[in-house]
Asks: 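Here you go, one structure.
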Amino acid sequence: MPTRRIRRAWLTAAATASLAFTGLAAPAQAEDLPPTAPQSWIQEPRTTEAAASPFTTRAWTEPGGAASPGDFTMSPGALNAETTTRVNRLDAVLPKSGVQNLLIGANRTIQPGCSRDPFGTAPDPDIKYCLQNDDSVSQEWVPQGMTGVSDAKIDEVWGSAGDIQLFASYDGWDPGRENDPLPTAGDCTTAELEANDACNQKGVRITFVQSRTNPATGSPEVKYRHVLLGWTYVNSADHVSFDGLHAAEYPIQKGVHAGGIVWYGNYLYVADTRNGLRVFDMRTIMDLDPDGDPKTHDAMGSDTDGVKTTANVEDKTKVGRHDNVWYSFGYRYVMPQVAAWKFKATQSNPQGSYACVSTGAPKASYISLDRSTTPDRLLMGEYCRPESGYPSTGRIASYPVAALEGRSADVPAEGWANYLPLANGGAQGAAAQDGTLYVNESKGTDEPGNLWRYTWDGGRLVAHGQPVKTARGAEDLYVERGTGRLWSLSEHRPGQASDCGANRATGDPAGTDYCQRVLYGHKLSWLDSQP
């Protein structure tokens with residue numbers, strides 16, 4: 001039987017109604033459906049939805065003007081306690097790996113200073129990392145959010161490991177989902193599965209990157225490793241299991257977009273565009289191949305029934321527990337969601353559009369961390385494209401990040417909230433350092449993006465100098481304090497006109513290096529010196 005992602009003939013009437021109402025994905029295969037506790041596979045956060053209305057534009061002030069911080073207030077997820085119980089059960093069954101062990105076993109190689117050049121006529125960055133070829137041009141995985149150990153720890157070291165960056169990618173190519181709009185999207189036929197495991201909706205993965213010295217050769221190297229993010233649930237056999245991350249955001253985001261991530265202490269915060277934040281714990285990274293040999297199918301632990309289980313990381317078509325075997329779409333490591341924060345206000349941003357309302361729940365398009373303030377703040381902003389009736393250029397506000405660890409009370413945005421000064425919208429990421437707000441603005445595939453610098457003047461955001469040209473497809477931003485770099489990454493790939501075809505403006509042919517993905521960093525001192 002093929003793996004089914006959303007609609008199945010065996011769904012009960014109640015479960016079908018629940019799916020129709022929420023637009024959520026059900027777990028893989030019939031044995032994994034929890035008929036007595038369907039809430040365990042309905043993923044959080046889920047904010048309150050309402051029909052979009054342009055009448056909410058009454059709060060609009062001006063580009064750069066003040067917005068209402070109260071609209072950003074977040075509440076703890078209703079299922080946080082139950083999620084903790086399920087993660088503890090999973091923790092008792094699957095062995096764990098710490099971040100340092102994961103990095104030691106990193107299995108993929110980055111090429112620093114490579115020939116790939118998404119910058120074109122824009123200035124070269126201070127540092128540039130090229131992913132392996134398959135990740136650089138992948139149709140399935142699209143890079144978005146970025147963070148690192150400089151966000152995580154004040155001394156920028158995790159245990160004994162330093163020079164660590166993380167980036168998130170979402171599953172942007174799913175033949176079953178893209179060919180069949182909700183609510184029937186995502187069904188894989190047997191033929192589709194045999195042809196390409198990409199028809200599974202894998203959700204989101206996090207990639208750990210580290211610059212280090214090769215212990216065998218003494219030479220510098222940059223290695224990386226992918227980790228699948230998961231959602232735990234209890235299946236019909238009363239076994240704890242897990243699935244990929246899913247959310248009802250067709251057709252714009254195609255699920256959880258992970259447009260921004262922040263690693264702070266033990267926790268990883270992942271932006272869930274219409275809903276809020278998903279929370280993950282670096283102490284619960286599960287290892288489904290402890291001996292490092294995929295062919296051995298290592299023994300795992302037992303759930304509450306005492307039945308012995310094994311793992312299979314060779315089969316890329318399944319996820320979770322099936323017939324006492326654990327699968328993970330072929331990934332060695334899985335990090336389950338441990339909690340959620342959801343917007344308290346009603347979400348009324350229009351579906352199927354990049355326009356944004358001016359009041360009510362914002363979009364969590366990207367997040368970042370500002371450690372140059374007291375207390376440390378998590379920034380959250382919106383990607384918006386103004387249109388008639390919806391003039392918002394996107395709001396941005398900040399939270400005291402330590403308050404998000406409590407999960408027992410609402411957390412409001414603190415201090416300021418503003419509309420971005422971008423006349424045409426399109427902010428892909430924002431980060432603040434020492435009173436300057438840096439914003440990446442996308443300009444499509446035909447020209448470099450803009451990196452803007454803003455400061456606050458009388459409560460308004462105002463431009464500081466001209467935009468600095470940067471990479472095509474520039475995404476999220478991350479401040480690495482020790483090196484004084486502002487990191488980002490590019491998302492475009494060659495091969496499709498909608499992503500990165502022939503560049504009409506410069507005459508670049510389709511498939512040239514200018515639109516292959518890189519991680520890169522500009523020196524903050526250089527950026528601040530630009531006119």
Asks: Do we see a donor-acceptor contact under 3.5 Å between the side chains of Ser490 and Arg517?
Replies: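 On atom types as modelled, these side chains do not qualify, holding no pair under 3.5 Å.
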Asks: I'd like to know if Lys363 pairs up with Asp272 as an ion pair, taking the criterion as any Lys NZ or Arg NE/NH1/NH2 lying under 4.0 Å from an Asp or Glu carboxylate oxygen.
Replies: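 Between Asp272 and Lys363 there is no salt bridge, as every charged N stays at least 4.0 Å from the carboxylate O atoms.
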Asks: So which atom in Phe343 and which in Ala364 form the shortest heavy-atom distance, rounded to 0.1 Å?
Replies: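 Answer, listing the atom of Phe343 first, then Ala364: CZ-CB, 3.9 Å.
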Asks: I need the single residue from Gln165, Arg108, His226 that forms a side chain to side chain contact (heavy atoms under 4.5 Å, CB included) with Thr207. Which is it?
Replies: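 Of the listed residues Gln165, Arg108, His226, the side chain to side chain contact (heavy atoms under 4.5 Å, CB included) partner of Thr207 is His226.
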Asks: Using the rule given for ring-ring contact (aromatic ring centres under 6.0 Å, His included), can you reason through Tyr354 versus Tyr383, listing the C-alpha separation, both sets of side-chain angles and the distance that settles it, and then say yes or no?
Replies: CA-CA 7 Å; Tyr354 292 122; Tyr383 177 98; 5.4 Å; yes
Asks: Can you sort out the partners of Thr483 under side-chain contact (heavy atoms from CB on, under 4.5 Å), two or more places apart, ordered by chain and number?
Replies: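 Result, side-chain contact (heavy atoms from CB on, under 4.5 Å) vs Thr483: Glu480, Arg485.
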Asks: If we count only N and O atoms by modelled type, under 3.5 Å, do the side chains of Thr109 and Lys223 hold a donor and an acceptor together?
Replies: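 There is such a pair (donor and acceptor under 3.5 Å, judged by atom type) between the side chains of Thr109 and Lys223.
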Asks: Check Val234 against Arg86 and note the closest heavy-atom contact, atom names and distance.
Replies: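 Scanning both residues, the minimum pair turns out to be CG2-CD, 3.8 Å.
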Asks: Show the numbers, then the answer: is there a side-chain contact (heavy atoms from CB on, under 4.5 Å) between Tyr399 and Arg377?
Replies: CA-CA 5 Å; Tyr399 304 85; Arg377 291 184 175 187; over 6 Å; no
Asks: For Ser488 and Asn440, test the side chains for any donor-to-acceptor distance below 3.5 angstrom and give the result as yes or no.
Replies: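 There is such a pair (donor and acceptor under 3.5 Å, judged by atom type) between the side chains of Ser488 and Asn440.
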Asks: Rounded at 0.5 Å granularity, tell me how far CG in Leu379 sits from CG in Asp370.
Replies: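 CG of Asp370 is found 6.0 Å from CG of Leu379.
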Asks: Regarding Ser75 and Asp410, is there a side-chain donor-to-acceptor distance under 3.5 Å anywhere?
Replies: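 Distance-only check passes for Ser75 and Asp410.
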Asks: What I want to check is whether the side chains of Thr83 and Glu44 have a donor and an acceptor closer together than 3.5 Å.
Replies: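 Distance-only check fails for Thr83 and Glu44.
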Asks: Hey, is Asp303 close enough to Arg89 for a salt bridge, meaning N to O under 4.0 Å?
Replies: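 Yes.
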Asks: Taking His239 as the fixed residue, which of Asn324, Thr309, Asp305 is the one that meets the side-chain hydrogen bond (donor to acceptor under 3.5 Å, both in side chains) rule?
Replies: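 Considering Asn324, Thr309, Asp305, a side-chain hydrogen bond (donor to acceptor under 3.5 Å, both in side chains) with His239 is found only for Asp305.
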Asks: Should Asp71 and Lys344 count as an ion pair when the cut-off is N to O under 4.0 Å?
Replies: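 Salt bridge between Asp71 and Lys344, a charged N being under 4.0 Å from a carboxylate O: no.
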Asks: Taking the cut-offs as 6.0 angstrom to the six-membered ring centre and 45 degrees off its axis, would you call Lys316 and Phe329 a cation-pi pair?
Replies: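 Because its charged atom misses either the 6.0 Å distance or the 45° angle limit, Lys316 does not stack over Phe329.
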Asks: Could Arg212 and Asp163 be called an ion pair, given the rule that one side-chain N must be under 4.0 Å from one carboxylate O?
Replies: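 Salt bridge between Arg212 and Asp163, a charged N being under 4.0 Å from a carboxylate O: no.
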Asks: Taking Glu49 first and then Arg274, would you say they form a salt bridge - that is, a charged N and a carboxylate O separated by under 4.0 Å?
Replies: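 The answer is yes: the pair qualifies as a salt bridge.
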Asks: We want to know whether Tyr224 and Asp135 form a side-chain donor-acceptor pair, criterion being a heavy-atom distance below 3.5 angstrom.
Replies: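 Looking only at side-chain atoms, Asp135 and Tyr224 do form a donor-acceptor pair, the distance falling under 3.5 Å.
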Asks: Less than 3.5 Å apart, any donor N or O on the side chain of Arg205 or Tyr331 sitting next to an acceptor on the other?
Replies: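 There is such a pair (donor and acceptor under 3.5 Å, judged by atom type) between the side chains of Arg205 and Tyr331.
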Asks: Any donor-acceptor pair under 3.5 Å linking the side-chain atoms of Arg278 with those of Gln43?
Replies: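 Short answer, yes.
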Asks: With distance as the sole test, does Ser150 use its side chain to make a donor-acceptor pair with the main-chain N or O of Arg481 at under 3.5 Å?
Replies: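 Yes; judged by distance alone, with no hydrogens or angles, the pair exists.
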Asks: With sequence neighbours excluded, tell me which residues meet side-chain contact (heavy atoms from CB on, under 4.5 Å) with Glu314.
Replies: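 With sequence neighbours excluded, Glu314 shows a side-chain contact (heavy atoms from CB on, under 4.5 Å) to Pro294, Lys295, His297, Asn312, given in chain and number order.
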Asks: Sequence neighbours left out, what pairs pass salt bridge (charged side-chain N to carboxylate O under 4.0 Å, His left out) with at least one residue falling in residues 141-158?
Replies: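 Pairs touching residues 141-158 that pass the test: none.
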Asks: Do Phe167 and Trp487 make the cut of ring centroids closer than 6.0 angstrom?
Replies: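 Distance test on ring centres: not under 6.0 Å, no.
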Asks: Are side-chain N/O atoms of Thr296 and Asp291 paired as donor and acceptor at under 3.5 Å?
Replies: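 Yes, side-chain donor-acceptor contact under 3.5 Å.
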Asks: Return yes if a side-chain donor-acceptor contact under 3.5 Å exists between Glu82 and Asn80, otherwise no.
Replies: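 Checked: Glu82/Asn80 side chains show no N/O donor-acceptor pair below 3.5 Å.
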